Amino acid sequence: VIILIAIAGGYAHYFGLSHDEIWWLTPIGIAIALIVQIGKKIGTAILIGFTFGLSFFLAETYWLTKYLGALPWLTLSFVEALIFAFGGLLTTLAYRWSSNAISKNLYKIIFIPPIIAAIWCVRELIAANFPYGGFPWAPAALSQISSPLSNMISWTGVTGTSFFIALIVAAIIELFRTRFWKHLAI
């Protein structure tokens, strides 16, 4: 079930990025990517991150099949999904370590979301530069062209806007985790 949820999250992220009028799906996709990592074992975290990334990049790069064929499309999607797997692992570890290290709910709300947003952006930056010069046209910020955040990119850049999106999503998740549920894990 968790794998299907990760796949749905990858597609939500893709549709939000690919269709200006449904930009709001990108934060939902990010929320799914983050929530499914909470409380997972290392192997499961890697598998979930990989699955999310693979579903996202298979949809995002499908156009490559027209020009290069199926093998380069599958290879690029697989490599980019490995980067998502790394990000998923770091996200799981950050949730685990920070939740154990920070005891007060207020501090969790203040400190955990920036850590999670930074991990999201590091993963985006790695994907933007690797392999073969990277895949720089898939960060979360680029989904916000028709959103209220569209002008933010000129002030904060793509990475700053992606950080802000991931920060808000992670903060909302942390509010729910600390206020409504002790363990928001699927």
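Quick caveat, the model's predicted, so the values are computed rather than measured. When a residue number appears, it is its place in the shown sequence, counting from 1.
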### Task
Check whether any side-chain heavy atom of I173 lies under 4.5 Å from a side-chain heavy atom of Y95, and answer yes or no.
yes
### Message
Within the 4.5 Å heavy-atom criterion, are I119 and V122 side-chain neighbours or not?
### Response
no
### Message
If I take atom CD from residue E124 and atom CZ from residue F84, how far apart are they, to the nearest 0.5 angstrom?
### Response
7.5 Å
### Within the 6.0 Å centroid threshold, strictly below: F50 and F78
yes
### Nearest heavy-atom neighbours spanning R123 and G87
CG-CA, 4.2 Å
### Query
Do the side chains of I7 and F52 get nearer than 4.5 Å, heavy atoms only?
no
### Query
Rounded to the nearest 0.5 Å, how far does OG of S162 lie from CG of L142?
7.0 Å
### Query
Can you tell if the side chain of L34 reaches within under 4.5 Å of the side chain of I38, non-hydrogen atoms only?
no
### Non-hydrogen side-chain atoms of Y14 and L58 separated by less than 4.5 Å
no
### Task
With rounding to the nearest 0.5 Å, note down the distance linking OG in S77 to CD in E60.
9.5 Å
### Query
Quick one: OG1 on T26 to NE2 on H19, what's the gap to the nearest 0.5 Å?
11.0 Å
### Query
Within a reach of under 6.0 Å around CZ of F86, are more than 12 heavy atoms found that belong to other residues, nucleotides or ligands?
no
### Query
Does a side-chain heavy-atom distance below 4.5 Å link W73 with Y62?
yes
